[in-house]
Amino acid sequence: NAGVTQTPKFRVLKTGQSMTLLCAQDMNHEYMYWYRQDPGMGLRLIHYSVGEGTTAKGEVPDGYNVSRLKKQNFLLGLESAAPSQTSVYFCASSFQQGSGYTFGSGTRLTVV
Amino acid sequence: SQKIEQNSEALNIQEGKTATLTCNYTNYSPAYLQWYRQDPGRGPVFLLLIRENEKEKRKERLKVTFDTTLKQSLFHITASQPADSATYLCALVPYSSASKIIFGSGTRLSIRP
């Protein structure tokens, strides 16, 4: 009963470096999401996917790319990290639109 | 502008009392509202969902109300316990795009023994 697994849990990047955050779910959910959470702000949607092979932009997509090549995996990429991307990143999945989300435990990313 | 607001100040409640958290929204047409619990260093955990045409929903010691006239949802924890201490997030599911749930910034609840 793993649910949603995110790797890595922590990462420090230098400005301009790239990295990929991996999200894996074992619940056969169609919908997957990437959020960022910053102090004093709500979770903000970066990108989401309504099924394998599909992706769409959320509220704050700039500087990020995503891919959903397999139903169970949703990857978030940072091509050229900036200090403004320092945040905690959460992946989530859901069975259908609007149903309760299952979240991963988060990735704490610091860009120096 | 569209906003979803929760009390940013922490709520401190004596054990055994009822805790009531508020979620207000403006300029949204929500299909439904969700409530989540988040512990420090962890991801949010889904608790309850209430639909637009439902006035009240209960689950064990939890109760959620939804007033579309006031544009407000209330989240109640009865017989509160120290283990209920956490940050509680409300999330709005708009009719316009059910895949783009909007989260409030959360209210921190502390239950003192």
Side-chain angles (χ1 to χ4, degrees), chain A residues 1-7 9-10 21 23-25 27 29-51 54-61 66 68 74 87-108, chain B residues 1-10 21 23-26 28-54 57 59 62 64 66 86-108:
Chain A
N1 56 346
V4 175
T5 303
Q6 291 183 234
T7 52
K9 294 194 184 306
F10 302 93
L21 282 68
C23 177
Q25 53 97 2
M27 297 168 287
H29 285 172
E30 288 292 337
Y31 299 84
M32 295 187 74
Y33 315 85
W34 276 107
Y35 283 88
R36 61 178 288 173
Q37 187 174 41
D38 301 291
M41 305 183 76
L43 289 155
R44 292 183 293 167
L45 182 64
I46 304 171
H47 285 280
Y48 64 100
S49 168
V50 301
T54 74
T55 64
K57 293 180 180 179
E59 180 187 355
V60 288
V66 287
R68 182 108 182 260
F74 195 28
S87 187
V88 181
Y89 292 85
F90 287 103
C91 176
S93 70
S94 68
F95 174 65
Q96 59 189 23
Q97 284 190 83
S99 61
Y101 288 5
T102 301
F103 280 85
S105 57
T107 295
R108 184 172 296 274
Chain B
S1 63
Q2 297 175 317
K3 285 195 293 186
I4 179 167
E5 291 182 324
Q6 295 184 255
N7 225 344
S8 58
E9 292 185 12
L21 285 68
C23 177
N24 295 299
Y25 61 92
T26 55
Y28 280 114
S29 293
Y32 27 96
L33 280 166
Q34 302 177 353
W35 283 88
Y36 291 78
R37 169 186 173 136
Q38 186 173 23
D39 292 287
R42 308 291 293 271
V45 174
F46 173 71
L47 297 174
L48 278 172
L49 176 157
I50 185 166
R51 292 180 169 76
E52 181 200 21
N53 59 354
E54 296 175 316
K57 201 80 165 282
K59 180 182 177 182
L62 308 180
V64 173
F66 191 5
T87 296
Y88 290 85
L89 311 176
C90 77
L92 183 153
V93 182
Y95 270 117
S96 58
S97 179
S99 294
K100 294 184 179 181
I101 291 181
I102 299 100
F103 284 83
S105 56
T107 298
R108 188 184 305 174

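Excluded from the calculations below are hydrogen atoms, water molecules and symmetry mates; all remaining heavy atoms, backbone and side chain alike, are included.
One side chain, B:Glu52 or B:Tyr95, offers a donor N or O that lies under 3.5 Å from an acceptor on the other.
At a 4.5 Å heavy-atom cutoff, the contact between A:Gln37 and chain B is made by side-chain atoms alone. Both the backbone and the side chain of B:Ile101 come within contact range of chain A, with heavy atoms under 4.5 Å apart. If you measure heavy-atom distances from A:Val50 to chain B, the contacts under 4.5 Å come from the side chain alone. For A:Ser94, no part lies near chain B; criterion is any non-hydrogen pair under 4.5 Å. Only the side chain of A:Tyr31 comes within less than 4.5 Å of a heavy atom in chain B; its backbone stays farther off. At a 4.5 Å heavy-atom cutoff, the contact between A:Leu45 and chain B is made by side-chain atoms alone.
Judged by the 6.0 Å and 45° rule, A:Arg108 forms no cation-pi pair with A:Phe10.
Between A:Tyr35 and A:Tyr33, the ring-plane angle classifies as tilted under the 30° and 60° cut-offs. The aromatic rings of A:Phe103 and B:Phe103 lie perpendicular to each other, with more than 60° between the two planes, well past the 30° mark.
Under the 4.5 Å side-chain criterion, counting only non-hydrogen atoms from C-beta, A:Gln25 is not in contact with A:Thr102. Using a 4.5 Å heavy-atom cutoff, the side chains of B:Leu62 and B:Lys57 are not in contact.
Interface summary for chain A: among B:Pro44, B:Pro94, B:Ala91, the most heavy-atom pairs under 4.5 angstrom belong to B:Pro44. The greatest number of non-hydrogen atom pairs below 4.5 Å with chain A, out of B:Ser105, B:Gly41, B:Ser97, B:Ser99, is found for B:Ser99.
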